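Heads up: the structure comes next, in structure tokens.
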Number of protein chains: 2
Amino acid sequence: MSKVTIYSIAEELNVSASTVSRAFSRPELVKSDVRDQILALAERLGYQPNKTARRLVTGVTGAIGLFVPDITNPFMPPLVRAIQQAAVERDASVLLVDAEEDSRAELGLITRIAGQVDGMIIVSPRSASSVIKQAVGRKPTVLINRVMDGVPSVVCDNTSALREAGGHLVELGHRTIALLRGPSASWAAQRRSEAVRIWARKADVALIELGPFDASFDGGRAGAEAFAESGATAVFAFDDLAACGVVAGLSDRGLRVPAHRSVVGCDDVLLARVLTPSLTTITAPVDDLGTTAVRMLEEALAGNDPEPIRLPGTFVPRDSTGPAAS
Amino acid sequence: MSKVTIYSIAEELNVSASTVSRAFSRPELVKSDVRDQILALAERLGYQPNKTARRLVTGVTGAIGLFVPDITNPFMPPLVRAIQQAAVERDASVLLVDAEEDSRAELGLITRIAGQVDGMIIVSPRSASSVIKQAVGRKPTVLINRVMDGVPSVVCDNTSALREAGGHLVELGHRTIALLRGPSASWAAQRRSEAVRIWARKADVALIELGPFDASFDGGRAGAEAFAESGATAVFAFDDLAACGVVAGLSDRGLRVPAHRSVVGCDDVLLARVLTPSLTTITAPVDDLGTTAVRMLEEALAGNDPEPIRLPGTFVPRDSTGPAAS
DNA sequence: TTGAAAGCGCTAACAC
DNA sequence: GTGTTAGCGCTTTCAA
């Protein structure tokens, strides 16, 4: 039982190897009855065109590189899934690279996979631009949640959802609200803070800015201390993980959510739904983010350069916000 | 600036392409000064052997397929990371496939990547054995958290940690304890239940078995109802996610953890640490699981067939367990 | 220790 | 529409 190739099929059917090849790669070029015969025999023999050989001659790998800073961040898995799914639909595979928050390793990892993929999707709020530029220089690249001149990107825009969240807090009677600022190197963190700031000014609420804190559970926990002493009754946490930290930190001080303080998260990761109390937060359109990124990469691969896209998040009130304690 | 190949290097140095090839693939076969020259020039030119070409002739892809049932399950990301890291150390890449809990798609996805990798790691507690056998038949395969005759596997063994957890509950005064059973199709779930059962018999505590429930937040929430009415004061949840569900379900009934009821999770996923109260649970040795799987796959690839390995989990008391309410 | 030559399995001109 | 002919960039006998 030797391996089946276009040659073995060609021989069996008394056609040339090219015809067999065409039957798979450009079916419209071969007469339909011949094509059907070929496909049928191939099916019966369990033939699959050898991707490696195809790749060697065409130069297309059929793989896309997915670079994530930290797959352990709860925001990532659903995004990875969405990308993976969109890739499979396009008959592409996903080569995953997790930088493990090690910025020194990033460049090496990127160059490493660049040679094995057609293009890359980079989800990296904090990588140095120089690193990203390296990647962009090698292969068509799409950025997620980060914008950079001349590079296609999809970002989640929370501006209006944050406004809604603010309105919700005001309705609940909150007049002094804290903002836990995220890492200053994070593009998303900056935009978020700015959006809250603008809203607060217009809504005439007292905004107490705290931080910056790490975008982590411990960051949130640290923030809780400042928040508890700030006189604010509600807080915008940097993201859901930080919000969990805030809840924990408040609990350490005997403060309950939402009875004593209200907390708003961001992203709506799994955490937000399973925490007790469940988190009022802003749902990021992860699925859209992922499929859009893949679609844009496809365009970029086709030689166009797609316009940056922003997808709005949506506000979801849950149980971590309640009436302001008097 | 044409692309640099073994030929361009060979020409430049007046050696044959074979020599250049050897300098990279079997350096010991080429005289050291020649080799140094070649390597130096290659370095200067930024030459990297073309993996595709190499792959075509050798048949090794340098990639390992990682098949996960649901990357959204919080147990997975750290595992994926560990595997990815171990792979990078061996100069291999990871082709990720997420089945999205769609068992019908599994087979297709597996066959799909089988052709693109040297071997596979499958983390699939619930896939049909037939599907797994398919994979195993195609490429060397290592199973994580599942055992199957004749297939190398690494599993997490929680028996002794569960015993410890039980002891901990008894010390806290619990005498009637509930067991939330996981999905009956899950290999891990069965072993867990069995371990708890055996412990309970020996420890002379009343064990109330409930379920089976889904290994999910909602499954836990459903379980909470049964638990609340069971008369038990503590519960072994199927995993941490289910434990979160239990906490939520109890809270719906006005029951607090750990004041009114104690809850023990399993796996020690991120969730467990960021929940308030933090979960008493059993830490799965994910890093070890991942690196061991990669090591075993490497062995399998080398033609050996490695013995199944079990790695013990460790008990971690936290804040979700407390003295039994009287 | 090195070189020549023959492929790995496929695609893509080009000619028929 | 189909066949012929060259490769894609590398590894690997086999001889020298």
Side-chain angles (χ1 to χ4, degrees), chain A residues 1-39 41-42 45-63 91-93 114-118 301, chain B residues 1-39 41-42 45-63 91-93 114-118 138-139 301:
Chain A
M1 175 209 122
S2 64
K3 69 188 59 165
V4 15
T5 69
I6 47 173
Y7 291 104
S8 53
I9 295 186
E11 196 172 10
E12 187 93 8
L13 258 33
N14 274 323
V15 295
S16 78
S18 325
T19 304
V20 178
S21 169
R22 287 190 194 105
F24 288 95
S25 48
R26 336 233 344 235
E28 70 281 7
L29 293 185
V30 22
K31 211 165 53 177
S32 59
D33 55 332
V34 186
R35 192 202 317 143
D36 293 346
Q37 258 187 86
I38 294 175
L39 263 24
L41 180 57
L45 265 35
Y47 169 77
Q48 296 268 97
N50 179 317
K51 294 211 181 193
T52 305
R54 183 176 270 180
R55 173 174 313 181
L56 180 57
V57 51
T58 61
V60 324
T61 69
D91 215 53
S93 12
Q116 308 179 52
V117 299
D118 297 331
L301 252 18
Chain B
M1 174 209 121
S2 65
K3 68 188 58 164
V4 16
T5 69
I6 49 172
Y7 291 103
S8 54
I9 295 186
E11 195 172 13
E12 188 93 8
L13 259 33
N14 274 322
V15 296
S16 78
S18 322
T19 303
V20 178
S21 169
R22 287 191 192 104
F24 287 96
S25 49
R26 336 222 0 223
E28 70 281 8
L29 293 185
V30 22
K31 211 164 55 176
S32 60
D33 55 332
V34 184
R35 191 203 317 144
D36 293 347
Q37 258 186 87
I38 295 175
L39 263 25
L41 179 57
L45 264 34
Y47 169 77
Q48 296 268 98
N50 179 318
K51 292 211 181 195
T52 305
R54 182 177 273 181
R55 174 174 313 180
L56 180 57
V57 51
T58 60
V60 325
T61 69
D91 216 53
S93 11
Q116 308 180 53
V117 300
D118 297 331
R138 287 167 194 278
K139 295 280 173 172
L301 253 16

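As the structure is a prediction and not an experimental result, all values here were calculated from the model. Residue numbers begin at 1 in each chain, while the letters A, B, ... track the order of the sequences.
- When the side chain to side chain contact (heavy atoms under 4.5 Å, CB included) test is applied to Thr19(B), the partners found at least two apart in sequence or on another chain are Val15(B), Ser16(B), Arg22(B), Val30(B), Val34(B), Ile38(B).
- Residues Tyr47(B) and Asn50(B) share a closest heavy-atom pair of OH-N, 4.3 Å.
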Polar atom pairs between nucleotides 7-9 of chain D and protein, under 3.5 Å, N or O only, would you list them?
residue	atom	partner	partner atom	Å
dC8(D)	O2	Val57(A)	N	3.4
dG9(D)	OP1	Lys3(B)	NZ	3.3
dG9(D)	N2	Ala53(B)	O	3.3

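- Here Asn14(A) pairs with nothing under the side chain to side chain donor-acceptor pair (under 3.5 Å) rule; sequence neighbours left out.
- A donor-acceptor pair is defined here as one N or O able to donate and one able to accept, closer than 3.5 Å; no such pair exists between the side chain of Ser21(B) and the backbone of Ala17(B).
- Contact detail for Ser8(B) and Lys3(B): the closest heavy-atom pair is OG-O, 4.2 Å.
- Of all heavy-atom pairs spanning Arg35(A) and Pro27(A), the tightest one is NE-O, 3.2 Å.
- As rounded to whole Å, 17 Å separates atom C1' of dT4(D) from atom CD of Glu11(A).
- Every side chain to side chain contact (heavy atoms under 4.5 Å, CB included) that Leu41(A) has, sequence neighbours left out, goes to Ile9(A), Glu12(A), Leu13(A), Arg44(A), Leu45(A).
- For Thr61(A), the side chain to side chain donor-acceptor pair (under 3.5 Å) partners are Asp118(A), not counting sequence neighbours.
- Listed by chain and residue number, nothing satisfies the side chain to side chain donor-acceptor pair (under 3.5 Å) test with Thr52(B) (two or more places apart in sequence, or in another chain).
- When the side-chain nitrogen and oxygen atoms of Thr19(A) are compared with OP1 and OP2 of dT2(D), none of them lie within a distance under 4.0 Å.
- Put simply, CZ on Phe24(B) is 17 Å from C1' on dT12(D), counting in whole angstrom units.
- Under the rule for a side chain to side chain donor-acceptor pair (under 3.5 Å), the partners of Gln116(B) that lie at least two apart in sequence or sit in another chain are Ser93(A).
- Comparing the end axes of the helix from dT1(C)-dA16(D) to dC16(C)-dG1(D), each fitted to five base pairs by superposing C1' atoms of four pairs onto the next four, gives an inter-axis angle of 30° (nearest 10 degrees).
- Residues of residues 29-38 of chain A having a heavy atom closer than 4.0 Å to DNA chain D, listed by number: Leu29(A), Val30(A), Lys31(A), Val34(A).
- Using a 4.0 Å cutoff to heavy atoms of chain B, the contacted part of DNA chain C runs 5' to 3' from dT1(C) to dG9(C).
- A straight line from CD1 of Ile9(A) to C1' of dT2(D) spans 17 Å, rounded to a whole angstrom.
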Could you list all N or O pairs between the protein and nucleotides 13-16 of chain D that sit under 3.5 Å apart?
residue	atom	partner	partner atom	Å
dT13(D)	O4	Arg22(B)	NH2	3.3

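- The side chain to side chain contact (heavy atoms under 4.5 Å, CB included) test applied to Val57(A) returns no partner, not counting sequence neighbours.
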